Protein chains: 2
Amino acid sequence: MTTKWQTGSFQLMKSMNRSLILNIIRQKEPISRAEIAKLTKLTPPTVSNLVKELLQTGIIIERTLGESSGGRKPTLLTLNGENFHVIGLDVGSKDIKVIITTLSCKLLKKKCFPIPESINNDKLLELIIDSIHSIKSSEEIDEKKIIGIGVAMHGIVDPEKGESVFAPNLNLHHIPIKAVLEKEFDMIVKVENDARTMSLGELWFGNGMSSESFVCINVGRGIGAGIVINGKLFHGNHSISGEIGHMMIDVNGPKCPCGNYGCLQTFSSGPAIAEGVKKLLRLGHSSLIEELAENNLDKINAELIYDAAKKGDQLCTTALQQAGYYLGIGLTNLIHLINPAQIIIGGGVSNAHEFVIEGVRKTVSQKALTESAKNTEIIISKFGADATVIGAVALILVELFSSKSAA
Amino acid sequence: MTTKWQTGSFQLMKSMNRSLILNIIRQKEPISRAEIAKLTKLTPPTVSNLVKELLQTGIIIERTLGESSGGRKPTLLTLNGENFHVIGLDVGSKDIKVIITTLSCKLLKKKCFPIPESINNDKLLELIIDSIHSIKSSEEIDEKKIIGIGVAMHGIVDPEKGESVFAPNLNLHHIPIKAVLEKEFDMIVKVENDARTMSLGELWFGNGMSSESFVCINVGRGIGAGIVINGKLFHGNHSISGEIGHMMIDVNGPKCPCGNYGCLQTFSSGPAIAEGVKKLLRLGHSSLIEELAENNLDKINAELIYDAAKKGDQLCTTALQQAGYYLGIGLTNLIHLINPAQIIIGGGVSNAHEFVIEGVRKTVSQKALTESAKNTEIIISKFGADATVIGAVALILVELFSSKSAA
DNA sequence: GGTTTTTGTTTATAATTAAATTTAATTAAG
DNA sequence: CTTAATTAAATTTAATTATAAACAAAAACC
């Protein structure tokens with residue numbers, strides 16, 4: 001145990017209480033000092049002192065008086081969210097999504113920039129910088145209010161260095177995002193894997209608020225997992241945790257681009273579903289999708305399959321259900337290993353959730369070993385395709401609201 | 001986040017520092033106050049005050065003076081381990097192992113009691129009680145010094161209730177171990193799953209001391225995992241984490257007693273290895289093991305296979321290597337999910353590690369996706385078959401040395 | 001209008017850590 | 001052999017912070 005031991009100190013004590021109060025305000029705003037004291041079990045003076053400091057930093061403000069229930073009217077406190085803005089990016093395989101929000105994640109502006117076919121590290125970094133400049137200088141935005149930039153990136157990310165180690169869908173290696181952005185914009189920059197930002201977004205603004213141990217599954221071109229344990233994002237030793245897409249569930253199964261056999265990704269990812277449908281069509285099966293794709297197999301992708309399924313096509317419905325079945329196998333393995341209270345499914349597939357999720361739930365309840373495992377709550381992210389970029393914003397909020405930060 | 005928020009308070013501060021000092025003494029004994037202050041970055045008076053309290057409780061004592069390096073000789077402090085004893089039990093499928101040790105896990109006495117073929121909850125509890133009485137009243141033992149009983153149990157355990165929920169190898173359900181033992185012996189009783197106690201033992205006394213995020217794999221009749229994250233045992237939401245034995249790695253593979261197909265356990269557990277060998281023999285393959293088993297297939301078990309392999313038998317060697325291969329698949333999946341710094345393999349199979357572990361390592365380095373994953377350290381527990389029962393002792397030490405406890 | 005309730009502040013106190021000082025013991029240098 | 005320097009431990013004093021209790025102000029209720 002070569003731990004960096006945490007010693008009990010005055011600073012720690014104060015910093016714990018400050019972040020405690022700040023987080024209570026964030027979650028329960030508007031709220032009075034007295035209410036905070038009651039909820040946190042801190043004494044009123046302690047709350048008053050720390051609130052005074054927080055007011056000075058400007059991160060919270062006093063609002064109008066609230067309604068009394070038989071006594072002095074409470075002075076309500078809220079985050080001064082409007083005065084602090086955060087930029088979030090989602091660097092996907094086809095485009096870069098940029099948003100700017102308040103501290104409460106109220107969307108102020110959203111833009112999208114396509115990534116050209118042929119790209120290299122420098123061009124991508126340039127594109128990222130341009131996209132940030134573009135949203136920063138929008139008319140409605142006061143640039144001085146921006147406090148940080150969070151970046152979500154698919155593939156393997158080293159969040160400490162702030163580097164994209166490998167982005168398979170762009171086929172790029174070692175992109176020093178954090179270093180470059182910090183130099184360009186001179187503010188906090190955080191970089192994280194997309195599945196992990198997704199779960200952070202859920203933790204701060206989504207379904208995760210009711211639970212503190214859950215897993216987010218990001219199903220799209222790949223399949224990634226973001227693991228939250230005790231209200232904290234779990235990274236693992238070298239930040240490669242959550243690579244559920246390459247969980248081998250059929251060692252004698254089909255070959256995966258990664259070189260192994262029977263990876264979950266070869267069954268349940270968007271491209272895998274499309275490939276399966278194409279194969280059936282080539283074998284002579286017929287489906288509504290042929291019409292939708294104008295009889296061009298190359299035009300078939302997961303979205304089109306979803307459209308066809310929605311229109312009642314049996315072949316496509318079955319394909320999606322089967323993807324759900326295999327995803328359920330993978331999730332059962334995950335449940336048996338880390339036993340989360342909740343699993344939240346998001347990413348591209350969440351559009352087609354009505355067809356997929358039943359298969360997932362059914363498989364888990366069939367294959368899991370114990371009652372509690374069978375009953376693991378499996379839900380769909382309510383943020384849909386934006387889950388990742390919202391998580392990117394949350395990356396910065398963690399910095400701001402966490403214990404160490406002095407606001 | 002419905003967390004029980006921890007407020008910063010004087011008690012917390014002091015309790016953190018006390019446990020910090022206690023743990024430093026445990027790990028570095030003998031050690032002087034000045035040295036503690038240097039290591040912990042606490043100030044000398046803080047250390048002196050807390051050491052005074054700890055001396056009063058009797059848990060530590062002042063030893064002879066140490067060597068000076070040019071100044072006043074330091075007063076060395078050590079745990080008063082000899083004055084506090086802990087009982088550890090390992091309730092396996094065939095027998096109950098009981099040990100009694102000092103706080104430093106120095107073995108004082110060890111006993112073993114066979115579990116009869118037909119058993120029920122009451123009989124098992126009686127047997128457990130008798131075994132504890134037996135070791136308690138040994139001549140060498142001063143009963144007054146015993147402070148707690150730790151119990152390791154295979155299968156699904158609810159550590160909060162202190163109950164064995166399901167013990168597959170004994171086919172027993174809902175055994176209220178903690179309640180019964182606390183009533184009988186009136187001291188701290190902790191009950192935990194065997195793989196998890198194993199990893200706790202490694203954390204406190206074994207290989208885990210150099211790392212704070214690792215996984216212990218207990219391979220025997222079943223396969224279980226104990227996960228340690230940031231120096232803490234990980235339980236998951238309903239304490240069923242670590243059920244790696246039923247990770248499905250071949251969905252179209254052989255049926256497992258659990259009802260699913262292709263569980264890791266059907267490839268790499270002791271019984272599975274034996275079954276595989278028997279099958280080959282029935283098909284007419286020949287092996288040295290026929291001689292060792294006196295041509296009685298029923299006598300073939302994992303241990304005998306290991307003996308044969310050690311004598312150079314090819315069939316048995318291959319069988320063990322193949323078990324290692326599949327275990328490697330399971331561990332690769334685990335590495336991709338939770339990315340531990342280290343994997344420690346123990347349990348029955350650790351006897352045959354020379355044949356198994358190479359297969360495991362080779363598979364992981366072939367199948368893992370990144371360099372760091374490939375290089376995950378995979379080692380054998382140095383405690384061998386005793387790893388579990390040592391962990392049972394550690395269960396009590398956690399209580400004693402953890403932050404909340406006032407010793 | 002008086003009483004009660006609620007909110008928030010002030011004042012004083014207690015529990016700690018933090019810093020500076022003192023005492024003691026030992027070694028090394030002169 | 002003496003003295004200075006060094007290290008260890010204990011003690012004193014100061015600073016920091018939470019806590020407790022008292023208090024003031026405002027509103028609601030009777």
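Please read these numbers as outputs of a predicted model, since none were measured by experiment. To find a chain, count down the sequence lines: A is the first, B the second, and so on, and within it residues start at 1.
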If a protein heavy atom is under 4.0 Å from the base, mark B; if only from the sugar-phosphate, S; if neither, -; do that for nucleotides 10-19 of chain C going 5' to 3'.
B----BBBBB
Atom NZ of Lys73(A) and atom C1' of dT5(C) are separated, to the nearest Å, by 15 Å
With a cut-off of less than 4.0 Å, is there a side-chain N or O of Arg33(A) near OP1 or OP2 of dT9(C)?
yes
dT16(D) C1' sits how many Å from Met16(A) CE, rounded?
17 Å
Beyond-backbone contact of Ile379(B) with Phe214(B), side-chain heavy atoms, under 4.5 angstrom:
no
The bend of the helix from dG1(C)-dC30(D) to dG30(C)-dC1(D), taken between the axes of its five terminal pairs at each end and rounded to 10°, is 20°
Ignoring hydrogens and geometry, is there a side-chain-to-backbone donor-acceptor pair from Ser381(A) to Phe383(A) under 3.5 Å?
yes
Within the 4.5 Å heavy-atom criterion, are Leu203(B) and Leu233(B) side-chain neighbours or not?
no
Do Val86(B) and Leu400(B) have side-chain heavy atoms sitting under 4.5 Å apart?
no
Under 4.0 Å: is that the gap between some side-chain N or O of Thr75(A) and OP1 or OP2 of dG8(C)?
yes
Calculate, to the nearest 0.5 Å, the distance between atoms NE2 and CD1 belonging to His235(B) and Ile229(B) respectively.
11.5 Å
Is there a donor-acceptor pair closer than 3.5 Å between any side-chain N or O of Thr102(A) and the backbone N or O of Ser104(A)?
yes
Heavy-atom check, side chain of Lys14(B) versus side chain of Glu53(B), under 4.5 Å:
yes
Exactly one of Ile390(B), Leu397(B), Leu395(B) clears side-chain contact (heavy atoms from CB on, under 4.5 Å) with Leu200(B), and that residue is Leu395(B)
